[in-house]
Amino acid sequence: MQIDAFLAQRLRELRQAHGLTLEQLAERSGVSRSMISLIERQETSPTAAVLHKLADAFGLPLPALFTPPAPTPQPVARLADQPVWTDPASGYQRRQLTPGGVAAPVELVEVHFPAGQSVDFDIPAPRVGIEQQLWMLEGNMLITLAGAAEPQRWLLASGDCLAMTLGERITFHNPGPRSARYLLALTRSAAPSRRLP
DNA sequence: TGTAATTTGGACGGTAGATG
DNA sequence: CATCTACCGTCCAAATTACA
């Protein structure tokens with residue numbers, strides 16, 4: 001199944017499993033109901049920022065939107081079976097490494113980030129706290145983390161590893177001139193930072 | 001600067017339940 | 001059965017954004 005088709009089905013299933021209408025999910029996620037409807041009908045390719053908001057509305061990390069809740073956990077995710085999703089806005093590509101259905105506390109994602117591109121995740125009141133470690137494999141990335149305190153910024157080079165807690169706003173930027181590649185390890189923290197009713 | 005794609009809010013039509 | 005209301009998802013025009 002194409003990743004967009006899978007995403008559309010997964011989003012609709014998640015929404016219905018939570019008993020939410022388009023309007024309710026729109027209010028909860030900050031994404032308009034029209035946009036959610038378009039995604040569910042595969043009539044648009046949502047940006048990473050939009051998907052990040054939707055995942056957060058379900059209390060899930062972004063990679064969870066690309067992995068099916070497999071009834072029987074598979075210990076191996078073959079390269080050919082790993083879902084790859086490309087952000088239409090920036091062209092950045094994320095490959096879901098962790099096998100589906102595995103109840104592991106860690107999720108692994110490989111990211112290819114085009115030179116000169118940026119991706120901005122901005123969620124005013126995140127529902128789910130996510131701990132994340134970023135291991136640079138190739139190239140450079142500039143990570144800016146903005147929360148309640150002063151913004152923090154790190155320029156990462158090949159081999160560097162950054163551990164961070166996702167705050168309200170995080171910007172990934174590849175200053176170029178080469179495309180970057182890195183590994184993300186994500187865990188959901190025990191205590192979500194804040195939660196709306 | 002023009003074009004294409006994404007995103008939004010209002011308008012619209014379909015459906016289910018309540019009421020007379 | 002007809003009508004009304006509420007709710008839901010889709011359609012549409014316009015604004016915004018990215019890119020050549």
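Within every chain, numbering begins at 1; the chains are lettered A, B, ... in the order of the sequence lines, protein sequences first and strands thereafter.
Residues forming a side chain to side chain contact (heavy atoms under 4.5 Å, CB included) with D81(A) (at least two apart in sequence, or on another chain): R78(A). Applying the side chain to side chain donor-acceptor pair (under 3.5 Å) rule to S158(A) yields no partners; only residues at least two apart in sequence or on another chain are considered. With sequence neighbours left out, Y182(A) forms a ring pair (Phe, Tyr, Trp, His ring centres under 6.0 Å) with no residue at all. Applying the side chain to side chain donor-acceptor pair (under 3.5 Å) criterion to Q133(A), with sequence neighbours excluded, gives no partner residue. Considering only residues two or more places apart in sequence or on other chains, Q152(A) meets the side chain to side chain donor-acceptor pair (under 3.5 Å) condition with none of them.
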Name every donor-acceptor pair, under 3.5 Å, that has one atom in a side chain of residues 30-40 of chain A and the other anywhere in the protein, sequence neighbours excluded.
unit_1: S32(A); atom_1: OG; unit_2: M35(A); atom_2: N; d: 3.2
unit_1: S37(A); atom_1: OG; unit_2: R41(A); atom_2: NE; d: 2.9
unit_1: S37(A); atom_1: OG; unit_2: R41(A); atom_2: NH2; d: 2.9
unit_1: E40(A); atom_1: OE1; unit_2: R15(A); atom_2: NH2; d: 3.0
unit_1: E40(A); atom_1: OE2; unit_2: R15(A); atom_2: NE; d: 2.8

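Along DNA chain C, the stretch of nucleotides lying under 4.0 Å from any heavy atom of chain A spans, 5' to 3', dC8(C) to dC19(C).
Pairs passing the side-chain hydrogen bond (donor to acceptor under 3.5 Å, both in side chains) check and including a residue from residues 172-181 of chain A, sequence neighbours excluded, read E110(A)-R181(A), S118(A)-H173(A), E138(A)-R181(A).
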(request) Assign a letter to each nucleotide of nucleotides 4-14 of chain B from its 5' end: B, base within under 4.0 Å of a protein heavy atom; S, sugar-phosphate only; -, no contact. (result) --SBBBBB---

